[in-house]
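We count residues from 1, following the sequence as given.
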Amino acid sequence: MSSRTLPLLFINLGGEMLYILDQRLRAQNIPADKAKKVAEWIEEDMRQVMNDIITTMFNKKFLEELFKPQELYSKKALRTVFDRLAHASIMRLNQASMDKLYDLMTMAFKYQVLLCPRPKDILLVSFNHMDAIKDFVRDTPSILSQVDETYRQLIEIYTPLSAGEFQLIRQTLLIFFQDMHIRVSIFLKDKVQNSNGRFVLPTSGPLPCGTQVPGQIRQFSCSGEEVKRLQFSIGGNYTSAPREGSFEMFGERVIKLGTNMYSVSRPVETHMSGTSKNSAQHTKVNTAPNPLAKEELNLLARLMGGMEMERPANTDSGFRVNLFATDEEEEEALISRPEELSYEVINIQATKDKQTNAELAKIMGEFGESGDPAPTASNKGDDLLAMMDGL
């Protein structure tokens, strides 16, 4: 397992998420009675949603934690990161739409990893996502500088890596994706995915840069002279790579993997394959949160900081984005999705206002005076998730 895989996984999945959200924000059905009002702010709000998410995604402290050498987070922890990232703006997604969003993100990047001609080309795929993200915020210099700084970190950390290290990164990504077999309509229509959710790998096309077209056997004498040449059938139509893509901040990437496949408007649907359903049943785990544990934590927060438990009357101040054609389809998808594949997140907010923060800080300070060591995170991803809460 490579300890350098997490940043690439996060950036590429984040790029796919932004592609999908951009497409869905532009395709939202606006009721006729609200069309005039919506027309006045929809473009500005769309831009604000994208800016807020990208700002959070490329936050300096967040990326410092992300780029530390570490093992991949669990699927559940990573899903939680993207759940919070998707809701870092005024946009809201319900659970079914968030499930669909995450399915599309993961299957798209899995396909890209499988199709990379060389393991090192995963970095070019990442740069394609970064180029698109940069285009989303081209009119916002402050966010653009955050993206440019991430470019520099990617170039500094990953371009010196050997082919073997990139192969290890690729293997780590494929291990992460190996049990995910969600059928996606775009892939099914393009005949690159089977009905069981597994991808169809091509036996033709451009070869990795620096390799020769197969189909020839050459024999050499002891002195190094070629003495015989034989041809054999290769079962495909391969071509030489045109040239190597640019690994700099600017330049032609050549490889098209990682570019926006939603730029041409067409409906995208996801379906659980039979294989995934059976796999989920065999590995059934009780993922339901313990309500008693939540109440105990909330009670502790009340006792310690005087937390007000009343839910605000207007919790949904933003607008909701639906990744399905209709609300009925969204509800049906939520009901039909296997429980084991849903990642419900419970947020326990013990810091509602400045007064509460001050009270909790005071109590924490009293604990610190006793000389007890500060608690450390017991689970991978806790530091990153806590940091996201603070953004």
Is the closest basic N to carboxylate O distance between [X] and [Y] below 4.0 Å?
| X | Y | value |
| --- | --- | --- |
| E149 | R152 | yes |
| R47 | D22 | no |
| R253 | E244 | no |
| K100 | D103 | no |

Quick check for you: to the nearest 0.5 Å, what is the distance between [X] atom [atom1] and [Y] atom [atom2]?
| X | Y | atom1 | atom2 | value |
| --- | --- | --- | --- | --- |
| S2 | Q70 | OG | CD | 11.0 Å |
| L93 | H87 | CG | NE2 | 4.5 Å |
| T150 | I133 | OG1 | CD1 | 8.5 Å |
| M107 | I182 | CE | CD1 | 6.5 Å |

What are the two closest heavy atoms between [X] and [Y], and how far apart are they?
| X | Y | answer |
| --- | --- | --- |
| M91 | I53 | CE-CD1, 4.2 Å |
| C209 | R243 | SG-C, 4.2 Å |
| V213 | L207 | CA-CD1, 3.4 Å |
| L124 | S246 | CD2-O, 3.2 Å |
| I155 | M249 | CD1-N, 3.5 Å |

Side-chain touch [X]/[Y], heavy atoms, less than 4.5 angstrom:
| X | Y | result |
| --- | --- | --- |
| F177 | L9 | yes |
| V200 | K191 | no |
| L78 | L13 | yes |
| K120 | Q167 | no |

- Y111 and F187 aromatic ring geometry - parallel, tilted or perpendicular at 30°/60° bounds: tilted
So does [Y] get a backbone contact from the side chain of [X], meaning a donor-acceptor N/O pair under 3.5 Å?
| X | Y | result |
| --- | --- | --- |
| R198 | S195 | no |
| Y238 | T203 | yes |
| T140 | I143 | no |
| Q231 | Q216 | no |
| N59 | K61 | yes |
| Q193 | V184 | yes |

Are [X] and [Y] close enough that their ring centres sit under 6.0 Å apart?
| X | Y | result |
| --- | --- | --- |
| Y19 | Y262 | no |
| F62 | F10 | yes |
| Y158 | F247 | no |

Which residues pass the side-chain hydrogen bond (donor to acceptor under 3.5 Å, both in side chains) test with [X], sequence neighbours left out?
| X | value |
| --- | --- |
| S223 | S221 |
| K134 | D148 |
| R138 | D135 |

- F220 reachable from L230 in the ILVMFWY side-chain graph, under 4.5 Å edges: no
- Message: Taking L72 as the starting point, is it possible to reach L174 by hopping between hydrophobic residues whose side chains are less than 4.5 Å apart?
- Response: yes
- Message: A cation-pi test, strictly: NZ or CZ of K110 under 6.0 Å from the centre of the six-membered ring of F199 and no more than 45 degrees from its axis. Yes or no?
- Response: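 Here K110 fails the 6.0 Å and 45° test against F199.
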- Message: So, applying side-chain contact (heavy atoms from CB on, under 4.5 Å) with L18, which one of H129, M57, Q23 is it?
- Response: M57
